[in-house]
Amino acid sequence: MSTRDLVLTALFAAIIVALGLLPPISLGFIPVPITAQSLGVMMAGVVLGARRGAIAVLIVLVLVAIGLPVLSGGRGGLAIFASPTAGFLIGWIFAAFVTGYLSERLVNEQQSGLVQTVSFFLTAMAGGIVVLYAFGITYLATVAGFGFQKAFIGSMAFIPGDVIKAFVAALLGRAVMVGYPLLPSRA
């Protein structure tokens, strides 16, 4: 990795951690809180691409594993990876990777601003919602013992907020594309 790659991945890891300062919102009927950190995961994929976005998320998860309270609500430590939210945390890596991979393939400088924004939005939805929920719901259903139907229905309450996060990530991706284009050098 170049120095630039190291700086960008560390910057986005810090952004994900900073988004954890916003307090989590618990819905009560499912043990997974609403946090702003999934926005950071989507942004990392959209702006940095697959490899660097996934590495930024890995940095955050390593910080969690060594016990730093970098998750929303000041949570951290290895015990987090045994909690009902662990599937979503592991899914962050794949969500950032898929979002970045699709962004690298679907967005280019020759497209209009609207097409770029819509493409970023669709990639953030695919990676940050579909992929992330696949990991999180599967973990809740199997390892945490919630049953697939209960885990799936309970997770649907998070969709409206995650769609808004995907839209914000798309706007940020477009703004970065205009002001400081990382897309050509993301792969």
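All values below were derived from every heavy atom in this structure, side-chain atoms included, with hydrogens, water molecules and symmetry-related copies excluded. What you see is a predicted model, and the numbers here were worked out from it, not measured in a lab.
Side-chain contact check for Val130 versus Met125: every heavy-atom pair is 4.5 Å or farther apart. Residues Val163 and Phe121 have side chains in contact (heavy-atom distance under 4.5 Å, counting atoms from C-beta outward). Looking only at side-chain heavy atoms (C-beta outward), Met1 and Arg51 come within less than 4.5 Å of each other. Looking at heavy atoms from C-beta onward, Leu71 lies in side-chain contact with Leu89 at the 4.5 angstrom threshold.
From Ile129, atom CD1 reaches atom NZ of Lys165 across 9.0 Å, with rounding to the nearest 0.5 Å. For the atom pair OG1 (Thr3) and CG (Leu8), the distance works out to 11.0 Å, reported to the nearest 0.5 Å. Between atom CZ of residue Phe97 and atom CG of residue Leu48 there is a gap of 13.5 Å, rounded to the nearest 0.5 Å.
If you look at Phe88 and Phe135, their ring centroids are not closer than 6.0 Å.
Not counting sequence neighbours, Thr35 has no partner by the side-chain hydrogen bond (donor to acceptor under 3.5 Å, both in side chains) test. Listed by chain and residue number, Gln116 satisfy the side-chain hydrogen bond (donor to acceptor under 3.5 Å, both in side chains) test with Arg174 (two or more places apart in sequence, or in another chain). In this structure Ala126 satisfies the side chain to side chain contact (heavy atoms under 4.5 Å, CB included) test together with Leu102, sequence neighbours excluded. By the side-chain hydrogen bond (donor to acceptor under 3.5 Å, both in side chains) test, Tyr133 is found to be paired with Asp162, residues two or more places apart in sequence or in another chain being considered. Taking Ala13 as the reference, Ile59, Val60 meet the side chain to side chain contact (heavy atoms under 4.5 Å, CB included) condition, with sequence neighbours excluded.
Residues Tyr139 make up the rest of the hydrophobic cluster containing Val143, defined by ILVMFWY side-chain heavy atoms closer than 4.5 Å, directly or through other members.
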Show your reasoning for whether side-chain contact (heavy atoms from CB on, under 4.5 Å) applies to Thr85 and Arg75. CA-CA 11 Å; Thr85 63; Arg75 298 174 302 134; 3.8 Å; yes
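Thr99 contributes no side-chain N or O that, together with a main-chain N or O of Ala96, makes up a donor-acceptor pair within less than 3.5 Å. A distance-only check finds a donor-acceptor pair linking the side chain of Gln111 to the backbone of Leu106 [under 3.5 Å].
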